[in-house]
Amino acid sequence: MPELPEVETYRRFFAEHAAGRTVRSVDVLDPAIVRNETAPAVDLALRGHRFGEPRRHGKWLLCPASGPVLLVHFGMTGDLVWSRQEPERHRHDRLALVFDHGELRYRNMRKLGGVWLARDEAELKDLIGDLGPDALDVSRREFLDRLSRRRGGVKAALMDQRFVAGVGNLLADEVLWQARIHPRRRIDDLDAATRARLFRTLHRVLRVAVDEFDYLESRMGWLNHVRGEPGARCPRCRTPLSRVTFAGRTTYLCPSCQR
DNA sequence: TCAGTTGTTTATAT
DNA sequence: AATATAAACAACTG
C-alpha cells in the first residue's frame, strides 16, 4: 500500500534486514520486474556487495551497495517480505536478495513499479527523473514558494511528483479534507492563510502517518478511516461524503466542509 | 461480466 | 510551457 508513509516503513524494514549485509545472490524470479537491466546483470552487479543505509525520496526506495544503487518502486501493490517471517516464496515475489541470514523479497502483484539498477549516483538521478522535494522534508518556505509558481487544481499539484514527492491519491484526499480545501480549488484562489494551513496539514498528516502503522484504517476521525464505506459520512460534520472522479482517480470529499 | 484498485508514463488536448 | 485527461500497464477482488 505504498505512498510516502508505507515506503518509509519499507525503508526501515530494509535497513533492519539488509543494511550492512553482503549479498550472496540476487534471484530474479520475474525478469520483467527489472526495468533497465537484465537479470544476470543485476546479480553480477550486486553479488558480493554490502548494502549501506537505505534512503527514501518520495515513493522511491534507494538502496546503495558500495557503488551501485538498487532503486525500488512499489507501484500500487508492492511489498517487502523477510524470509524468517514467511519461509515460502509467494507467486508474486518478483525478486529475492539472498543473504547468509535470510532473504529479502520484493513482492508485487500488479507489477506496476519495479526495480532498477543505477551504476552510480548520476545514473540514479536520471532514473528517478525530475522529482520535487520530499513531501515530509520540504520546508514551509520552499513549499509556499513552489505553490506560488504553480497553476491549476490543488489536488493535481499535491499528487504531481515533480511538485512534491510522496503524496498519492489517498493522502491527497486526507490532507485536503483535514485542511478543508476542495480538491478542485485553483491554487490561484488560495489566500495566504489557506496556503499556510495546507502546508501545516500536509506535514502533520505525514508525520502521524509515518509513525503509525496501518494509519489508513486505524486512525479514528480521519477521512481514510471511513473512505470507501457505503454511505460514509464526514467524520467532522456527518454530511454524506461525495465521491467523484478527478483525473481518473477516485476522490472523496466533504461537500460541506470543503468549500 | 463488470467495475474498481494506494502509481507512473504516454499521447492528446487545451 | 504548463496543465488536464484518458488510456495503458497487470493482476487480481467483489
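Letters A, B, ... are given to chains in the order of the sequence lines, protein chains preceding strands, and every chain is numbered from 1. The structure displayed is predicted, hence computed values, not measured ones.
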Under the side-chain contact (heavy atoms from CB on, under 4.5 Å) rule, collect the residues that match up with A/Lys59, sequence neighbours excluded.
A/Val7, A/His73, A/Gln161

The side-chain contact (heavy atoms from CB on, under 4.5 Å) partners of A/Pro31 (sequence neighbours excluded) come to none

Using a cut-off of 4.0 Å on non-hydrogen atoms, how would the nucleic acid contact of A/Arg162 be classed: base, sugar-phosphate, or nothing?
nothing

Once you apply a heavy-atom cut-off of 4.0 Å, does A/Arg35 come out as touching a base, just sugar-phosphate, or nothing?
nothing

Set of side chain to side chain donor-acceptor pair (under 3.5 Å) partners for A/His49, sequence neighbours left out
A/Ser66

Side chain to side chain donor-acceptor pair (under 3.5 Å) involving A/Glu86 - partner list, sequence neighbours excluded
A/Arg107

What pairs meet the salt bridge (charged side-chain N to carboxylate O under 4.0 Å, His left out) rule with one or both residues in residues 223-247 of chain A, with sequence neighbours excluded?
A/Asp173-A/Arg227

Contacts satisfying salt bridge (charged side-chain N to carboxylate O under 4.0 Å, His left out) that involve residues 30-43 of chain A (not counting sequence neighbours) are A/Asp30-A/Arg94, A/Asp30-A/Lys111, A/Glu37-A/Arg119, A/Asp43-A/Arg47

Do NZ/NE/NH1/NH2 and the carboxylate oxygens of [X] and [Y] come within less than 4.0 Å?
X: A/Arg162; Y: A/Asp160; answer: yes
X: A/Lys125; Y: A/Glu123; answer: no
X: A/Arg149; Y: A/Asp145; answer: yes
X: A/Asp100; Y: A/Arg21; answer: no
X: A/Glu103; Y: A/Arg24; answer: no

Span that lies between the P atom of B/dT8 and that of C/dA1, in whole angstrom
24 Å

Who passes ring-ring contact (aromatic ring centres under 6.0 Å, His included) against A/Phe163, sequence neighbours left out?
A/Phe143

Residues of residues 142-151 of chain A with a heavy atom under 4.0 Å from any atom of DNA chain C, listed by number, are A/Arg150, A/Arg151

Of all the base pairs, Watson-Crick or G-U under 3.5 Å, which form stems of three or more consecutive pairs involving DNA chain C?
B:2-5 with C:11-14, B:7-14 with C:2-9

Residues sharing A/Met109's hydrophobic cluster, by side-chain heavy-atom contacts under 4.5 Å among ILVMFWY, directly or via others?
none

Can you give one letter per nucleotide of nucleotides 7-14 of chain B, going 5' to 3': B for a protein heavy atom under 4.0 Å from the base, S for sugar-phosphate only, - for none?
BB------

Distance under 4.0 Å to a non-hydrogen atom of chain A counts as contact; along DNA chain C, which nucleotides mark the start and end?
C/dT3 to C/dC12

Give the rounded distance in Å between these two atoms: CG of A/Leu4 and C1' of B/dT6.
13 Å

